[in-house]
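So the structure is just underneath, and the comments pick up after that.
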Amino acid sequence: MSVLVVGSVALDTVKTPFGEVKEVLGGSATYFALSAHHYTQVSLVAVVGSDFPKKHLGLFRRKGIDTKGLKIKKGKTFRWKGYYEYDLNQAHTQKTELNVFRTFHPKIPKEYKRIEYIFLANIDPQLQLSVLRQVKRPKLVLCDTMNYWIEKKRKELLLTLKEVDILLLNDSEVRELTGEHSLFKASRRILKMGPETVIIKKGEHGALMWSENSHFAAPGYPLEDINDPTGAGDAFAGGFLGFLAYTNDLSEDNMRRAMVFGSVMASYNVEDFSIERLERLKNKEIIERYRAFKRMTHFEDLNGEVIE
Ligand code: AMP
């Protein structure tokens with residue numbers, strides 16, 4: 001099964017304690033696509049300006065990503081500028097230039113309307129809902145959002161959430177959305193808003209998955225070097241949804257495996273700036289790290305020991 005992603009394709013300027021890059025390829029849909037294509041066919045819906053470097057379009061094509069839904073509009077590409085301090089879990093936005101993104105109204109090409117796995121990357125919740133209005137009811141909708149929409153478009157976000165299967169948020173967004181500090185209570189609240197499952201990203205500390213009757217925790221991979229955490233959440237989404245679409249199996253066991261593939265992709269993504277690491281990532285490395293996660297989290301049951 002293939003996946004559809006709707007989100008931003010951007011030129012990012014990013015500074016971390018380990019270096020700095022200017023006007024490099026970024027955007028939520030970009031990170032997702034360059035992660036998910038390792039698992040399945042990806043169709044991309046987004047907009048860029050006429051200044052968007054041709055080499056990036058070439059990269060999408062080389063990776064087999066379908067760009068029929070990527071509009072090139074007269075004007076400038078969306079730009080994001082941010083920095084991270086030693087707490088790499090916290091991005092500080094310095095500048096957001098919407099440019100052609102300001103008037104972005106995602107139009108889903110006819111050929112994409114029956115795609116069964118959809119990622120609504122971080123965009124205005126009204127636009128996310130408009131995507132769902134244009135497609136045949138998919139098998140699975142995964143949705144991301146951010147503090148900005150939780151604050152500025154709460155009503156619209158709540159409407160969108162009614163039609164989402166899995167919500168993907170970081171811990172501070174979960175707390176802001178629900179007003180609950182306990183992630184356990186917050187997850188329960190989110191499950192009442194529409195999604196059947198909520199995934200909470202905790203940056204280098206891994207990710208949690210909650211649904212009505214189960215709870216799963218994937219750890220963060222202990223990396224020697226992290227250079228740039230930008231796009232980790234979208235790379236996670238790409239591994240998670242890409243694997244689910246590839247296997248077309250939504251059982252609890254398979255969702256847990258998908259959580260680990262998500263964590264694998266996020267962990268590779270942060271090793272280098274922009275999409276550099278995802279670009280040169282080999283399938284063999286994905287499998288190796290998946291197995292490393294398995295070894296890292298495996299422990300035996302009690303073997304008759306009783307603690308008095
Ligand atoms: P993340 O690290 O998951 O927050 O995603 C980072 C990517 O999101 C960057 O490459 C940015 O270009 C993109 N981004 C930042 N702000 C926005 C926004 N308001 N809307 C859409 N994409 C954004």
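Side chains included, hydrogens not; waters and symmetry mates left out as well; all remaining heavy atoms used. Fair warning: this is a prediction, and the values are worked out from it, not measured in the lab. Order of appearance sets the numbers: ligands from 1, and atoms from 1 within every ligand.
- Atoms of ligand 1 found under 4.0 Å from any heavy atom of Tyr31 (numbered from 1 in listed order, with element): 10 (O).
- Side-chain atoms of Val264 and Phe293, non-hydrogen and from C-beta on, do get closer than 4.5 Å to each other.
- Taken from CZ in Phe78 to CZ in Phe101, the straight-line distance is 6.0 Å, to the nearest 0.5 Å.
- Distance check on atom 10 (O) of ligand 1: some protein heavy atom falls below the 4.0 Å cut-off.
- Within the listing of ligand 1, atoms 2 (O), 6 (C), 9 (C), 10 (O) sit less than 4.0 angstrom from a heavy atom of Thr230.
- Other members of the hydrophobic cluster containing Tyr148, listed by chain and number, are Met146, Trp149; membership follows side-chain contacts under 4.5 Å among ILVMFWY residues, whether direct or relayed.
- For ligand 1, none of its N or O atoms has an N or O atom of Ala10 under 3.5 Å away.
- Leu59 places a side-chain heavy atom less than 4.5 Å from the side chain of Ile275.
- For Glu305 (side chain) and Asn303 (main-chain N/O), a donor-acceptor pair under 3.5 Å exists by modelled atom type.
- Of all atoms in ligand 1, numbered sequentially from 1 with element shown, those under 4.0 Å from a heavy atom of Asp234 are 1 (P), 3 (O), 5 (O).
- For atom 14 (N) of ligand 1, the closest non-hydrogen atom on the protein side is Phe78 CE2, 4.0 Å.
- Residue-to-ligand polar distances keep Gly26 apart from ligand 1: every N/O pair is separated by 3.5 Å or more.
- In this structure, Tyr148 does not count as a contact residue of ligand 1, since none of its heavy atoms falls inside 4.0 Å of the ligand.
- Nearest protein heavy-atom contact of atom 2 (O) of ligand 1 is Gly231 N, 2.7 Å.
- For Arg137 and Asp165, the salt-bridge test passes: some basic side-chain N is under 4.0 Å from an acidic carboxylate O.
- A salt bridge links Arg256 and Glu252; the closest N-O separation between the charged side-chain nitrogens and carboxylate oxygens is under 4.0 Å.
- Per-residue contacts place Ser8 under 4.0 angstrom from the following atoms of ligand 1 (heavy atoms of the residue considered): 13 (C), 21 (C), 22 (N), 23 (C).
- In terms of the side chain to side chain donor-acceptor pair (under 3.5 Å) criterion, residue partners of Tyr112 (sequence neighbours excluded) are, by chain and number, Asp66.
- Residue contacts with ligand 1: Asp12 is included, with a non-hydrogen atom under 4.0 Å away.
- Distances from ligand 1 to the non-hydrogen atoms of Ala91 include no value under 4.0 Å.
- Residues Glu180 and Arg189 are paired through a salt bridge, judged by an N-O separation under 4.0 Å between the basic side chain and the carboxylate.
- With respect to atom 8 (O) of ligand 1, the closest heavy atom belonging to the protein is Ser28 N, 4.0 Å.
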